[in-house]
Amino acid sequence: MKKSIKKDLTNNTDIKLLVDSFYEKIKKDNSLSYIFSDVAKTNWEKHLPVMYRFWENLLFYSGTYEGNPMELHQKLHHFSNLRPSYFDHWIELFNSTVDELFKGKVADMAKQRASSIAAVMKIKLFPQAK
Ligand code: HEM
């Protein structure tokens, strides 16, 4: 059996591949795609570069992202009633994308950061949930 050699995330080209691959999954996903296509009416040409900068900032401390994801997701929740399980599913898709493409410390950090941000979002959006 051929061993696949995965490398860690080391540069902005890696981030682009991760982000592009992740949102390809999101676009095909039965429970999450409509939030982008119907609720936010996402312009992918604008959103993807924002996400490159977001992840470059989180993983390489580039200082290139200035935004307020919490506020944006609060608004989204207001318009579309997100569910806690959507965040778990988002994380499943994100983590599987990372694992399919990369392996290493930065890849692990990407998964950890995503999980902790999703956990904070869930606590803020669903304060009544246990
Ligand atoms: C149920 C889970 C989630 C859904 C449905 C969701 C959906 C969305 C949508 C629709 C947008 C707006 C795209 C546009 O500009 O049209 C957005 C933006 C964004 N999301 Fe999420 N998201 C989820 C979870 C997360 C998580 C866990 C993170 C962080 C790890 C995250 C990070 C971001 C960021 C950074 C932006 C861009 C904000 C900006 O414009 O500055 N999202 N998301």
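Counting starts at 1 for both ligands and their atoms, following the listed order. Because the structure is a prediction, the values reported are computed rather than measured.
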* Structure fact -> In terms of heavy-atom contacts, Lys111 and Asp99 come closest through NZ-OD1, 2.7 Å

* Asp14 side chain to Thr10 backbone, donor-acceptor under 3.5 Å -> yes

* In terms of residue, atom name and distance, what is the protein heavy atom nearest to atom 5 (C) of ligand 1? -> Ile35 CD1, 3.6 Å

* Where is the nearest protein heavy atom to atom 18 (C) of ligand 1: which residue, which atom, and how far? -> His47 CE1, 3.4 Å

* Output, in order, the C-alpha distance, side-chain angles, deciding distance and verdict of side chain to side chain contact (heavy atoms under 4.5 Å, CB included) for Tyr65 and Leu58. => CA-CA 9 Å; Tyr65 176 77; Leu58 279 184; over 6 Å; no

* Are any of the N/O atoms in Arg113 less than 3.5 Å from those in ligand 1? -> no

* Looking at Lys27 and Glu24, does any basic side-chain N land under 4.0 Å from a carboxylate oxygen? -> yes

* Asked: What protein N, O or S atoms come within a distance below 2.8 Å of atom 21 (Fe) of ligand 1, ordered by chain and number?
  -> His73 NE2

* Asked: For ligand 1, does Met51 get within less than 4.0 Å through its side chain, its backbone, both, or neither, judged by non-hydrogen atoms?
  -> side chain

* Where on Phe54 is there a heavy atom closer than 4.0 Å to ligand 1, on the side chain, on the backbone, on both, or on neither? -> side chain

* Asked: Counting only heavy atoms not in Lys75, do more than 12 fall under 6.0 Å of its NZ?
  -> no

* **Within reach of ligand 1, part of Tyr65 (heavy-atom separation under 4.0 Å)** => side chain

* Asked: Are Trp55 and Phe94 near enough that their ring centres are under 6.0 Å apart?
  -> yes

* Asked: Aromatic rings Trp44 and Tyr23: how do their planes relate, parallel, tilted or perpendicular, breaks at 30° and 60°?
  -> tilted

* To do: Test side chain to side chain contact (heavy atoms under 4.5 Å, CB included) on Lys122 and Asp88 and set out the steps.
  => CA-CA 9 Å; Lys122 269 169 73 172; Asp88 303 332; 2.7 Å; yes

* For Ala107 and Leu9, work out which heavy atoms get closest and say how close. => CA-CD1, 3.8 Å

* Nearest atoms (heavy-atom pairs only) where Leu76 meets Ala40 -> CD2-CB, 4.2 Å

* Asked: Do any nitrogen or oxygen atoms of Thr42 come within less than 3.5 Å of a nitrogen or oxygen of ligand 1?
  -> yes

* Any atoms of ligand 1 less than 4.0 Å from a non-hydrogen atom of Ala40? List them with their elements. => 10 (C), 16 (O)

* Asked: Which of the atoms of ligand 1 are close to Tyr86, meaning less than 4.0 Å from one of its heavy atoms?
  -> 1 (C)

* To which protein heavy atom is atom 29 (C) of ligand 1 closest, and what is the distance rounded to 0.1 Å? -> Ile117 CG2, 3.6 Å

* Which heavy atom of the protein is the closest neighbour of atom 7 (C) of ligand 1, given with residue, atom name and distance? -> Phe36 CZ, 3.2 Å

* Hey, is NZ on Lys103 packed in by over 12 heavy atoms from elsewhere, all under 6.0 Å? -> no

* To do: Within a distance under 4.0 Å of any heavy atom of Ala118, pick out the atoms of ligand 1 and give their elements.
  => 27 (C)

* To do: Give the cluster check for Leu72 versus Ile117: same hydrophobic cluster or not, with ILVMFWY residues linked at side-chain heavy-atom distances below 4.5 Å.
  => yes

